Amino acid sequence: MNSKGFTLIELVVVIVILGILAVTVVPKYINLQADAKTATLAGVKAAMQGGSALVYGKSIVAGNQKLSDLSNPKPTITLSDGTVLDIKYGYPTSNIGDWKSLLDIDLTDFFFRANINGDLFILPYPDSLAELNNSDCRVRYRKSVAGEKPEITLFPCE
């Protein structure tokens with residue numbers, strides 16, 4: 001008898017092979033949302049680095065790049081739109097209001113938060129309160145100390 005088609009064993013083998021392929025490929029695509037958030041935060045980090053460098057340049061022109069935020073009077077610079085920014089050793093402080101005016105990002109997509117150490121955190125707007133307290137998926141701005149640049153760190157999303 002000469003029949004055309006597949007036997008049951010051949011079909012089971014094909015299904016098993018497809019299952020193995022699916023198990024190895026799917027995890028790569030499951031984490032796309034975390035990768036997209038991390039890439040977006042990398043852009044925010046770059047914007048913060050560029051913004052702080054421009055502020056430092058303006059503070060050099062103003063001649064107050066060596067003053068602490070404890071100096072009297074407080075060192076400031078004025079942006080082209082008239083916004084006055086507080087600075088510390090020539091770089092922006094961790095003032096949330098200053099960074100909101102310095103960065104051109106959509107405030108409905110990002111959340112700003114400061115801690116008691118004076119660090120500023122920018123994170124994607126959290127989907128839940130648990131995400132807000134998570135230690136990853138954010139950019140941290142640590143204001144400068146004498147003679148050093150501020151520390152801007154990206155914590156990737158998982």
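Every value quoted in this text rests on a predicted model; they were computed, and no experiment measured them. As a basis for the values below, the full set of heavy atoms in this structure was taken, side chains included, without hydrogen atoms, waters or symmetry mates. When a residue number appears, it is its place in the shown sequence, counting from 1.
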Participant: Answer with yes or no whether the side chains of D106 and T108 bring together a donor and an acceptor at under 3.5 Å.
Facilitator: yes

Participant: I'd like to know if the side chain of S59 reaches the main chain of G90, judged simply by a donor and an acceptor atom lying under 3.5 Å from each other, with no hydrogens or angles considered.
Facilitator: yes

Participant: Within the structure provided, determine whether Q65 and Y89 are in side-chain contact (heavy-atom separation under 4.5 Å).
Facilitator: no

Participant: I'd like to know if the side chain of S94 and the backbone of A114 have a donor-acceptor N/O pair within less than 3.5 Å.
Facilitator: no

Participant: Would you give the length of the straight line joining atom NZ of K143 to atom CD1 of I152, rounded to the nearest 0.5 angstrom?
Facilitator: 14.5 Å

Participant: Enumerate the residue pairs fulfilling ring-ring contact (aromatic ring centres under 6.0 Å, His included) with a member in residues 51-85, sequence neighbours excluded, ordered by first and then second residue.
Facilitator: Y56-Y91

Participant: Do V145 and V55 land in one hydrophobic cluster if side-chain heavy atoms of ILVMFWY residues count as linked below 4.5 Å?
Facilitator: no

Participant: Heavy atoms only: give me the nearest G5-E10 pair and the separation to one decimal.
Facilitator: O-OE1, 4.4 Å

Participant: Could you tell me whether the side chain of F121 reaches within less than 4.5 Å of the side chain of F112, counting heavy atoms only?
Facilitator: no

Participant: Honestly curious: do L103 and L123 fall in one hydrophobic cluster under the side-chain, below-4.5 Å linking rule?
Facilitator: no

Participant: Using only atom types and a distance under 3.5 Å, with no angle test, would you say the side chain of T83 pairs donor to acceptor with the backbone of L79?
Facilitator: no

Participant: In the hydrophobic cluster built from side-chain contacts under 4.5 Å, what are the other members alongside V84?
Facilitator: none

Participant: Using 0.5 Å steps for rounding, measure from the NZ atom of K58 to the OG1 atom of T78.
Facilitator: 7.5 Å

Participant: Does G118 offer a backbone N or O that forms a donor-acceptor pair with the side chain of N115 under 3.5 Å?
Facilitator: yes

Participant: Please check: side-chain N/O of N117 versus main-chain N/O of D119, any donor-acceptor pairing under 3.5 Å?
Facilitator: no

